[in-house]
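Written below as structure tokens is the structure these notes are about.
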Amino acid sequence: MSLCLPQKTILSYKALMNAKLVKITQHPAFIISLLSLILALTTVLPRVSLQLSFEQFAKNNLSTIINQSLESGFNDTNIFPFLTEQLETKYQRIETESLLPIIKSCSMHILDWKVNKELPISSISAIKVTWKEGSLQHQLLFELDCHYDLLNWFIYFILCSTLSLLAFSFWPTPYSHRQQQWQLQTSNTLSRSQQVEFNKFIDYLSAPQYQWLETHITSKQWQISDVLNCIKHKSFRLLDSEQLVWLDIAYSQSANLDDTVVIAKHDANLIFDLTEKVILVHGMKIKLPITPFFYYYWYASKRLHNQHQGWLLNPASTKPDRQLGEELARLMSEYGGSTRAINDLLENGLTPKKLDQNRNRIKDELINLLGETHAETYLFSSKRDLKTSRFSYRLAIDSQKITIT
């Protein structure tokens, strides 16, 4: 039975592994280790390379050199000192050829020579060369004593270090814990390219903003592109949890990102624009039906001018209030209210039913747009009059937050 993983899960796993690798490479300890490794390589590699080159040269040439030097058999005790002298004299100075040589020169030192016997290597730097000549197996052990050009070595070290650090500087920024969690959470929701785009901004978000983002990716209340553009917006990263709620409220009325952010950051006030006959709640423009608009404005003006502390007592159910009816009718006439509503007020006066109906229409409109919790601030408070058992109403919002233009 084979285990098949979703492609996005595999990609997310690879992304997390890559993130851990990148994080390691950007740790100071890694940089120090890298420089130490470069230091070792620029010191050791040229020598190793030279040894390998000389070993190959020795295999090809030592047999001829030795045969020319020998004057007696292999068992002659004078052979080894004589051979050593011949070889060390011939290779007293081995010049290196390079555009910028790290090793100036080397000299050869014979350590041992055996025929048909195993020759143990006595040190790490020793070089063993073997070759056959008829039935004889030769083994020669020697070392190279090399002299470094410190200036050239330093140039190589700086060059290698600079190129290595430059290469690592182009590696992507490591994923934070939050970014890693985001990769896993959204592997089945977002495309790979979308995940990468969101990850650029994830760590700049506060806890409420990140929670808002998680909710909106899951609920798909917003278009993904709008969510991405939103968290890219610098002003978004200044919003608190309450303002984020107003951001959603504003978005439900307009998808213009700049407008929604402005509304979210707006003061919690209530503005009446008598020219356009609209209200601005928390900076959001709302068009009410014309007659409820004037009833709302009438209550607001009493709250603003502190008439009876803004309280307006409902008329008796059996006796319409003609004085209040004429007052409201004049206000409507001045600013272009409904002729039918004006005539009704002048002929029949103001009744509790008219007030209740218009307050309820205002309530329904605001709750529909703002939600019950956030509409409450802009609706009505009530109290019962103990003498008449009738109710008085006024706007709940503080008079200092009301503006009429």
Side-chain angles (χ1 to χ4, degrees), residues 5-35 161-266 282-284:
L5 296 175
Q7 183 68 18
K8 286 192 175 182
T9 301
I10 295 174
L11 290 174
S12 297
Y13 175 78
K14 288 181 177 179
L16 294 184
M17 293 301 101
N18 179 62
K20 291 180 179 179
L21 177 61
V22 171
K23 186 170 290 187
I24 291 173
T25 61
Q26 295 192 350
H27 196 278
F30 173 81
I31 302 299
I32 295 173
S33 300
L34 175 64
L35 294 177
S161 300
T162 302
L163 291 176
S164 300
L165 295 176
L166 185 63
F168 283 117
S169 70
F170 285 100
W171 283 40
T173 304
Y175 287 160
S176 65
H177 177 71
R178 177 185 279 185
Q179 288 174 317
Q180 294 177 29
Q181 292 300 315
W182 174 258
Q183 290 287 102
L184 293 176
Q185 291 172 5
T186 59
S187 60
N188 296 321
T189 308
L190 301 177
S191 68
R192 175 63 181 155
S193 60
Q194 288 173 329
Q195 284 183 312
V196 171
E197 281 300 309
F198 274 102
N199 254 345
K200 295 177 182 177
F201 306 94
I202 289 295
D203 284 337
Y204 297 107
L205 305 181
S206 65
Q209 292 162 4
Y210 183 69
Q211 185 177 7
W212 177 93
L213 174 60
E214 288 182 309
T215 301
H216 283 66
I217 292 298
T218 304
S219 66
K220 297 182 179 180
Q221 182 180 347
W222 289 41
Q223 295 290 332
I224 296 297
S225 58
D226 288 342
V227 176
L228 179 58
N229 288 332
C230 194
I231 68 169
K232 287 181 178 180
H233 203 292
K234 292 183 179 180
S235 294
F236 174 83
R237 297 195 283 273
L238 301 176
L239 302 181
D240 57 29
S241 54
E242 175 65 16
Q243 290 171 329
L244 289 170
V245 176
W246 279 102
L247 185 72
D248 285 334
I249 293 172
Y251 183 81
S252 67
Q253 303 304 311
S254 171
N256 184 289
L257 182 58
D258 290 328
D259 290 344
T260 57
V261 172
V262 168
I263 291 170
K265 294 173 61 181
H266 205 280
H282 207 281
M284 185 170 67

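Keep in mind that this is a model prediction, so the values were computed, not measured.
In this structure a side-chain-to-backbone donor-acceptor pair under 3.5 Å is present from Q195 to Q183. Of the possible polar contacts, one joining the S191 side chain to the Q194 backbone as a donor-acceptor pair under 3.5 Å is found.
Summarising the local packing, CD of Q223 is surrounded by 12 or fewer heavy atoms from other residues, nucleotides or ligands at distances under 6.0 Å.
Taking OG of S252 as the reference point, atom CH2 of W222 lies at 9.5 Å (rounded to 0.5 Å). From Q185, atom CD reaches atom CD of E214 across 4.5 Å, with rounding to the nearest 0.5 Å. Atom CZ of residue R178 and atom CG of residue D203 lie 6.5 Å apart, to the nearest 0.5 angstrom. The NE2 atom of H177 lies 12.5 Å from the CD1 atom of I202; values are rounded to the nearest 0.5 Å. For the atom pair CG (L190) and CD1 (I224), the distance works out to 5.5 Å, reported to the nearest 0.5 Å.
Between T189 and T218, the closest side-chain pair of non-hydrogen atoms is not below 4.5 Å.
Y210 meets the ring-ring contact (aromatic ring centres under 6.0 Å, His included) test with no other residue; sequence neighbours excluded.
In terms of heavy-atom proximity, F236 sits nearest to Q209 at O-NE2, 3.2 Å. Here the closest heavy-atom approach between residue R237 and residue I231 is recorded as NH1-O, 2.9 Å.
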Compile the donor-acceptor pairs under 3.5 Å between side chains in residues 257-266 and protein atoms, sequence neighbours left out, one pair per line.
{"unit_1": "D258", "atom_1": "OD1", "unit_2": "H233", "atom_2": "NE2", "d": "3.0"}
{"unit_1": "T260", "atom_1": "OG1", "unit_2": "N256", "atom_2": "O", "d": "3.4"}
{"unit_1": "T260", "atom_1": "OG1", "unit_2": "L257", "atom_2": "O", "d": "2.7"}

Show which side-chain atoms of residues 238-247 pair as donor or acceptor with protein atoms under 3.5 Å away, not counting sequence neighbours.
{"unit_1": "D240", "atom_1": "OD1", "unit_2": "E242", "atom_2": "N", "d": "3.2"}
{"unit_1": "D240", "atom_1": "OD1", "unit_2": "Q243", "atom_2": "N", "d": "2.8"}
{"unit_1": "E242", "atom_1": "OE2", "unit_2": "W246", "atom_2": "NE1", "d": "3.3"}
{"unit_1": "E242", "atom_1": "OE2", "unit_2": "H374", "atom_2": "NE2", "d": "2.9"}
{"unit_1": "Q243", "atom_1": "OE1", "unit_2": "D240", "atom_2": "N", "d": "2.9"}

query: Under the side-chain contact (heavy atoms from CB on, under 4.5 Å) criterion, do D248 and H216 qualify, and how do the steps go?
result: CA-CA 10 Å; D248 285 334; H216 283 66; 2.7 Å; yes

side-chain contact (heavy atoms from CB on, under 4.5 Å) for L205 and F198? Distances and angles first, verdict last.
CA-CA 11 Å; L205 305 181; F198 274 102; over 6 Å; no

